[in-house]
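What follows is one structure encoded as structure tokens, with my remarks underneath.
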Amino acid sequence: MKQRLIQKPALALLVVICTCLCGLVFLLAYQQARESAISRLHDEQMIHAKQAAQGIQDYFSTWTGILSSMARMKAIADADASGRQQMEFFYDAHKEQIRSFTRVDEQGIVLVSIPQRGAAGRNIASQKHVQELLRTRKPVVSDVFRAVQGYDAIALHVPVYEGNRFKGSIAIVINFQNLAKRYLDVIRIGKTGHAWVISRDGTELYSPIPGHSGQSIFVNGKNYPSLLAMARRMLQGLSGAATYTAPAGRDPHAPPARQLAVYHPITMGNTFWSIAVASSEREILASLAAYRNRLVLGVLILLAGGVAVSMFVARAMVIVKEEEAHREARDELRASEQRYRDLFEHNPAPMLVYDRGTMEMVAVNEAFLIAYGYTMDEVLALHLPDLYPEREKRRITEVAARLSGHTYVGEWHHRRKDGSEFPIVVTSHDTVYKGRTCRIAVITDITERKKMEKAIEEESQFNRILLEQSPDGIVIIDPATAGFINFNSAACRQLGYSREEFAQLSVFDVEARETQEETRGRIAEILANGRGSFETLQRTRSGELRNVEVNAQIVNIQDHPVYYCIWRDVTEHKKLEEQLRQSQKMESVGRLAGGVAHDFNNMLGVIIGSAELCRHRLPEDSQVQKYLEHILKAAQRSSEITRQLLAFSRKEIVSPKAVNLNSQIIDAEKMLCRLIGEDIRLTFKPATSIWTVLIDPSQVDQILMNLSANSRDAMPDGGTLNIETANVRLDAAYCRHHSGCSPGDYVKLTVSDTGIGMDRDTREHIFEPFFTTKGLGVGTGLGLATVYGIVSQNNGFITVYSEPGQGTVFTIYLPRLPDAEADAEEIDIAIPSTGSGTVLLVEDEEMLLWTTTRMLEEMGYTVIQAQSPAQAIEICGKGERIDLVLTDVVMPGMNGREMAERIRAIRPEVKVLFMSGYTADIVAQRGIVEEGMHYIPKPLDARKLNEKIAQMMAA
């Protein structure tokens, strides 16, 4: 009894242990079978998902390539009659695949729509994908939308360019239901298996559940967090597997059930979709129910044997399932390959397939044969490098050897059968073709694109040269910020900045006259008017102020208005204008002073003469004699002032002589020392070998005395008066910036002091008559005016430099006196009178006609006058004797050569002598007078004219 009790617990324990072991084995086996079934399901689902994704990607890639080729056609870009006809041909050829073919302009307005011609003129710019196209100007694939005809559709837009100008797009509309039927409806895994596709913003593009397509996944699945979690991973472009809870089957009201799914991205240029392939977990695991029941039965009947049998059965079921799954996958793969082959054969772009290992050409489509000129047999005898020029063969071999798995896009050159090369873009990826590991490539001919890029680059280079070589500053300004978007080197040089420094500035940093508000107002005004011109003041990096003339206009760059300005520095021009105005003012004041002095002198003559007559008629001790003496002194003092006015106005009668300024200054040195006083030191620095000048010596004394007196008054506490002489040669560059002078040799006289100096306002008026800074009764204000008049009278000019507290420097330039040999050349030569014969003189200038006639008559010639070529031709036609025609070259209506040819047609023997104010080489360059013709320049020299005529008469 005890033994039984012992045996029963042991047996019970053994049964419990065996049962637990069998249960554990059962659970492990069941779990492994479940995971294996789910893994096989995911593999099968992923195959379907990738095939569908690849098919959709290739589908849109092919159409994008086709539309990009058509977008480069000028007729379609212009949307003219020829373009519409080509669009109709294209639509007729592909209307089984596309529903419409549309041309849209850059504003989003439909220009042409086939076959819905009534859609022309419709504005579709509000559509989301059209807005994206107008913003990015790249190919755009729309989300699924409901077409007016009642079907789900997708639009593919490709941009159209004319040169570098964006002109809108061409687009096709594809029936999404046909696309779904080809790639999505065919996905069937069991009874509940299905696929669904969402766009990058979460919109369900394809769903087997009625009413879900076109709505957000986050709205349809808001009650299912696990579904939304998977959707978020899909929107990140990831690929993977997931389990979520959602209504089973195609009924949105069905009770929720767990779904097993995989997801994979579909990449399409500017956007991507994501596809999910899902199946009900309950259906997938239903196949394991029998296995589970048998395991339970085996445990109850025979623990050890049941476990073994169950494991054997489970293994057998797994093998059967795997075989069945592999068979279905092979069938689906063969169907997919057939679809892919159809797309390959009928693709309008050249396509090829080559073996990855040997690089042998395995297959090409019909478009390849047409584009390259080969037959199929010739192509299959080639290797991939044979399509490339010699310089690229080695590199393409290396690149192709490294390609594996990923998609490759690159630019190369290909050769046709006839040896011609052309640039291409190749897009390739791995594929399996007839059991071989291969790569398939799509070829795009980019010859036109390369030509366009070269033209754009050449134009850009030309514009850069124009920009950088311009002597004026050119800047492009952002109207919103007033910052510099672009600028040339001249703008940096004008203001003294480096390019790096200038790039950090704005208009506000260089504008010296206007406030920021005024500058913004000016920019706004030019924005409103489109252009404008004005002058302003700009501050350089060193703080110097420059006058700048600005010509601005508004131009559009990438659809944004910018402020295009040309800055011309007119600072030196302004200075020259100011110097010219000052010179003209002094000339006007001089004429006024001369006129006043002339009339005043006449009155002084009457006063002095009358006073002298009265003195001689009165006794010497008469009281009136003293009054008459005062009258005479005042009149003589007035006469001196009049003489100074005449000197200023350059109307004083002088006796110029050849003067050596060094000798003249040395002779006047004692007089000057007495004039300036003992507290002022006089120094003289003469130049050696000083040139002579032509001037009245007394005028030199006047210049020295007036300038010395002016310096003495500027140094009340003493100082130094310096006088220097020098020979200088002034060139054209110097004279451009100093009015009143001309290039040549000058003797320079410099008088400087260490006095109180002058400010700018004083310097501008010091040469004006009666202008003085001294007190009342101290000076007349004619000293410096007299100096100015003397210098101007002797064809020189004077400059002054002075700053308050820094002293004053007067510099006088007197022209060098020509030497004696040059003077000898100026001796007048009498007009010879040895000629005889008749000269027809043709000259349209009446005074010159009269003067030349007198010269010829004094030479002894008979002169017939003609004031126009027509009159000269008429005279020659009358039969009068004419020995020589002397004619001007350039005349209104007809030049001298044309006239001479018409005269020679009447009188072949007549001699013609041309004359012109132009130089002989310029006249020859214009083709009026050629080699062998006789020519004499104006102004006419009497002796040379007589010699020339005599020479021609003798010949």
Side-chain angles (χ1 to χ4, degrees), residues 732 735 742-744 795 818 822 824-955:
C735 295
S742 57
N795 300 320
E825 295 178 359
E826 301 299 324
I827 298 174
D828 292 336
I829 302 174
I831 299 175
S833 57
T834 60
S836 63
T838 302
V839 176
L840 173 60
L841 176 61
V842 187
E843 173 60 63
D844 61 300
E845 181 63 41
E846 185 176 355
M847 292 183 63
L848 188 57
L849 179 66
W850 184 88
T851 304
T852 308
T853 299
R854 300 287 84 76
M855 289 174 61
L856 291 171
E857 288 176 345
E858 291 185 18
M859 294 176 190
Y861 295 104
T862 301
V863 180
I864 301 174
Q865 295 181 339
Q867 284 190 286
S868 68
Q871 185 179 0
I873 295 170
E874 182 181 355
I875 292 172
C876 289
K878 292 180 179 179
E880 297 184 41
R881 177 187 173 187
I882 297 175
D883 297 302
L884 181 137
V885 176
L886 177 61
T887 177
D888 193 8
V889 170
V890 180
M891 293 178 289
M894 184 186 305
N895 64 45
R897 176 179 177 177
E898 293 172 348
M899 182 199 71
E901 290 174 351
R902 295 181 63 175
I903 289 177
R904 285 198 178 102
I906 303 171
R907 297 190 177 189
E909 75 285 354
V910 73
K911 299 178 177 63
V912 179
L913 175 60
F914 294 98
M915 58 180 176
S916 176
Y918 294 104
T919 60
D921 57 340
I922 293 178
V923 173
Q925 289 173 8
R926 294 187 178 184
I928 298 175
V929 177
E930 297 178 348
E931 185 176 357
M933 296 183 179
H934 297 284
Y935 169 80
I936 188 169
K938 291 180 181 179
L940 298 174
D941 178 88
R943 178 176 294 278
K944 291 180 180 179
L945 177 61
N946 192 22
E947 290 176 355
K948 189 71 174 179
I949 294 175
Q951 178 186 356
M952 292 179 65
M953 292 290 195

(request) Apply side-chain contact (heavy atoms from CB on, under 4.5 Å) to the pair Tyr861 and Thr838, showing each step before the final yes or no. (result) CA-CA 6 Å; Tyr861 295 104; Thr838 302; over 6 Å; no
Can you tell me how far [atom2] of [Y] sits from [atom1] of [X], rounded to the nearest 0.5 angstrom?
X: Glu880; Y: Ile864; atom1: CD; atom2: CD1; value: 4.5 Å
X: Ser836; Y: Asp883; atom1: OG; atom2: CG; value: 8.0 Å
X: Lys948; Y: Leu913; atom1: NZ; atom2: CG; value: 6.5 Å
X: Ile949; Y: Lys911; atom1: CD1; atom2: NZ; value: 12.5 Å

Can you give me the closest heavy-atom contact between [X] and [Y], atom names plus distance?
X: Thr887; Y: Gly896; value: OG1-CA, 4.4 Å
X: Val885; Y: Met899; value: CG1-CE, 4.3 Å
X: Cys876; Y: Ile882; value: SG-CD1, 3.8 Å
X: Gly877; Y: Ile906; value: CA-CG2, 4.3 Å
X: Pro869; Y: Pro892; value: CD-O, 4.3 Å
X: Gln871; Y: Gln867; value: OE1-N, 3.1 Å

(message) Working note: His934 + Gln951, criterion side-chain contact (heavy atoms from CB on, under 4.5 Å); need CA distance, chi angles, decisive distance, verdict.
(response) CA-CA 10 Å; His934 297 284; Gln951 178 186 356; 5.6 Å; no
(message) Check this for me, if you would: do Glu901 and Arg897 make a salt bridge, where the nitrogen-to-carboxylate-oxygen distance has to be below 4.0 angstrom?
(response)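 Arg897 and Glu901: salt-bridged.
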Any side-chain heavy-atom pair of [X] and [Y] under 4.5 Å:
X: Ile903; Y: Val910; value: yes
X: Val863; Y: Leu886; value: no
X: Leu841; Y: Met915; value: yes

(request) Check the pair Thr862, Arg881 against side-chain contact (heavy atoms from CB on, under 4.5 Å), reporting the backbone distance first and the verdict last. (result) CA-CA 10 Å; Thr862 301; Arg881 177 187 173 187; over 6 Å; no
